[in-house]
Amino acid sequence: MNGAWLTWNADIQVALFVAILVALVKPVGWYMAQVYEGAGCGLDRVLGPLERWFYRVAGVDPKHDMRWQTYTIALLAFNLLGFVAVYALQRLQGSLPLNPQGLPGVPPDSSFNTAVSFATNTNWQGYGGEVTMSYLTQMLGLTVQNFVSAASGMAVLVGLIRGLRRRPAEPGPAVAVNTRESQAAPGETAGIGNFWVDVTRATLYILLPLSIVLALVLVSQGVVQTFSPYREVALLQPQTDAEGQAVITQQLALGPAASQVAIKQLGTNGGGFFNVNSAHPFENPTPWSNLLEMLAILLLPAACCYQFGRMIGDTRQGWALLAAMLVLFVPLAFACVAAEQSGNPALGRLEIDQLAGPGHTGGNMEGKESRFGIANSALWAAATTAASNGSVNSMHDSFTPLGGLVPICLMQLGEVVFGGVGSGLYGMLAFALVAVFIAGLMVGRTPEYLGKKIEAYEMKMASLVILFPPVVVLVGTAVALSCGPGQATIFNREPVPHGLSEVLYAFSSAGNNNGSAFAGLGANTVFYNLSLGLAMLIARYWLMVPILAVAGSLAAKKYSPPTRGTLPTHGPLFVALLASVVVLVGALTFIPALALGPIVEQLLMAQG
């Protein structure tokens, strides 16, 4: 086995993963569009009565077409209820059932951080799951939020799509149940749909069926799913503790993990049932489970692109958005793999001949599971930070500086390179509005996107969506590095740039609703629980509200048919323009901070 073979093997794995993902985009995206348009999707024959029963019990009129303000209020109220429920479950879990280990209630600051984290689809975890959360809290609190927080992001995307396609001077579509959509009165400003219907359909027809299938497959691979208490087992090789005493047994943490793992990946949530997340053999035991979970991370965000094209009546638009995402993701994924395959050049002097040949370090295996290897660990790191997922199958803190730079950059691009399910695409559409606005200024035309004129109001709202995350990341990092509570738990202070990278990573993760961590930073403190919780709230809802405002504004605009001077938004030129705008915003915003962290650390490593 030589170094060239190792490199080619890694490249083939990345290429195969991308090919499988792209092949699944069309069928899954078509199905999602059918669900939201109330057309036949197959499962409506079985689940349709349950959906209608739910509306009757909840007092929801599924034909009611909400304006964007009403849609927003429903979204915020629903998410606030989820936050309160998760907070209460954590605080009271010591007195509640399904707690075989007798775990006590969670402290207030940690409960606040976790409740915010799961309500915002961030799933940042400052706690160890197996020593903090009861089975009831994991299932009724965290797993339920994995469904509804993902469904909320999907609902906002659908509201924006309706805003783009509706015509106020023509009969406009309202929401129907398992029939073709009904029509609004001529001349009446159309709404953007019904939040309760959208979130119900996302959960009932998309997230729940896919999660059941994936959970069953994961159980077949060895992911645990049980209510049994933790189990004491004999060690195959007895150990000696720090006091010289023989240790002959080990306690194995168990629980209903498979059901949470499935939705944590499909809903781009990422919160692990166990402390080490998907590096744990009970969450991700085999290379096959690893592949399936990686595909699940990006499947729905990628399929949303085709769903978008179907719902606006031009699938080319959806493929263009997907192409822009791939143009950004694929090179960064290869770069992350290459950096980890190269390893530390200082180790090249050791010449691991048997592994990779003379002069080759054998790559950086620190912090990685041998059952996955370098390629699948680095690819997972790129996938989980391209999506706002945050699950990990290796420790990003142990990556090389350039290898760790890739996950940071993917988050700092705004989590729009796939991003969260729903949220990634509506973030990318905000960049698309900016791109067409720039193009319009260059040629002296009023910018248009899909027949809707993009004016000052839409640009102000899109600017908020693009600028809030960087402000949260940079201000939060600066405050943490300049105050005592923020500095106190930076455990990896040498080299100094690495400590900065850990704090920058934490706020990049929270400020873009990702949830992964660089480790080496003690984040379960009052300071970090509150500051990161605030960052997660801003990064979620201060983006959702402007997006819904844009949806309402576009829904009220008349349709302008394309002319010879209209910029085509489905071709290579627009794909290049859109990708360039995303990169330019990220580069101008974060290059100074990155230069002080991973970039200078790479230079120090190169010097030995």
Side-chain angles (χ1 to χ4, degrees), residues 25-26 29-30 33 36-37 68 157-173 180-181 183-184 186-193 304-327 416 425-463 465-466 546-582:
V25 164
K26 183 174 180 178
W30 174 88
Y36 283 114
E37 290 180 335
W68 79 266
L157 172 63
V158 173
L160 179 59
I161 293 173
R162 294 196 185 103
L164 281 165
R165 77 178 189 180
R166 289 192 172 177
R167 318 284 187 259
E170 304 170 6
R180 294 192 63 82
E181 295 181 343
Q183 306 291 318
E188 180 181 317
T189 300
I192 60 171
C304 281
C305 295
Y306 190 80
Q307 171 202 340
F308 170 78
R310 284 275 303 183
M311 292 186 70
I312 64 171
D314 186 355
T315 56
R316 297 175 302 173
Q317 302 291 340
W319 287 119
L321 294 174
L322 179 64
M325 294 178 180
L326 290 172
V327 163
V416 298
L425 185 53
Y426 68 62
M428 182 62 92
L429 288 171
F431 276 100
L433 297 183
V434 173
V436 297
F437 186 80
I438 293 172
L441 292 178
M442 292 172 65
V443 299
R445 283 180 54 89
T446 301
E448 298 176 8
Y449 187 60
L450 303 180
K452 297 295 183 78
K453 293 187 180 298
I454 307 303
E455 298 173 305
Y457 182 79
E458 289 79 28
M459 284 308 304
K460 290 176 182 177
M461 295 299 104
S463 298
V465 172
I466 292 172
I547 285 292
L548 290 172
V550 169
S553 175
L554 293 176
K557 289 178 180 284
K558 293 183 178 180
Y559 175 74
S560 301
T563 64
R564 294 182 62 183
T566 301
L567 172 69
T569 54
H570 57 264
L573 178 62
F574 181 73
V575 170
L577 176 62
L578 178 56
S580 299
V581 169
V582 173

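Residue M428 holds its CE atom at 11.5 Å from CZ of F308, rounded to the nearest 0.5 Å. The CZ atom of R162 sits 10.0 Å away from atom CG of L157, with the distance rounded to the nearest 0.5 Å. T569 contributes atom OG1, which lies 10.5 Å from atom CG of L433 (distance to the nearest 0.5 angstrom).
In terms of the side chain to side chain contact (heavy atoms under 4.5 Å, CB included) criterion, residue partners of P562 (sequence neighbours excluded) are, by chain and number, Y559, T566. Scored by the side chain to side chain contact (heavy atoms under 4.5 Å, CB included) test, A323 finds V575 as partners (sequence neighbours excluded). In this structure, the side chain to side chain donor-acceptor pair (under 3.5 Å) partners of S553, at least two apart in sequence or on a different chain, are E458. Every residue two or more places apart in sequence or in another chain that forms a ring pair (Phe, Tyr, Trp, His ring centres under 6.0 Å) with W319 is listed here: Y306. When the side chain to side chain donor-acceptor pair (under 3.5 Å) test is applied to E448, the partners found at least two apart in sequence or on another chain are K453. Listed by chain and number, the residues in a salt bridge (Lys or Arg N to Asp or Glu O under 4.0 Å) with K26 amount to none (sequence neighbours excluded).
Using a 4.5 Å heavy-atom threshold, the side chains of R165 and L450 count as separate. Using a 4.5 Å heavy-atom threshold, the side chains of L429 and I547 count as separate. Two residues are said to be in side-chain contact when any heavy atoms from C-beta on lie closer than 4.5 Å; L164 and M311 fail this criterion. In this structure, the side chains of L578 and V327 stay at 4.5 Å or more apart for every pair of heavy atoms. Proximity of Q307 to C304: side-chain heavy atoms (C-beta onward) are separated by under 4.5 Å at one or more points.
In this structure, A462 and A430 approach most closely via the heavy-atom pair CB-O, 3.9 Å. The nearest pair of heavy atoms linking G159 to A551 is O-CB, 3.6 Å. Taking each heavy atom of G552 and W68 in turn, the nearest pair found is CA-CD1, 3.6 Å. Contact record, P447 with G440: CG-CA, 4.3 Å, taken as the closest heavy-atom pair. Of all heavy-atom pairs spanning A549 and M461, the tightest one is CB-SD, 4.0 Å. Between P568 and F574, the shortest heavy-atom contact is O-CB, 3.5 Å.
R310 and E37 are not joined by a salt bridge, as no carboxylate oxygen comes within less than 4.0 angstrom of a charged side-chain nitrogen.
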* Show your working on side chain to side chain contact (heavy atoms under 4.5 Å, CB included) between V465 and F431 and close with a plain yes or no. => CA-CA 9 Å; V465 172; F431 276 100; over 6 Å; no

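Heavy atoms from other residues, nucleotides or ligands lying under 6.0 Å from CG of L573 number 12 at most.
A distance-only check finds a donor-acceptor pair linking the side chain of R166 to the backbone of G191 [under 3.5 Å].
Here the options are L554, I192, I312, the test is side chain to side chain contact (heavy atoms under 4.5 Å, CB included), and the partner is I161; only I312 passes.
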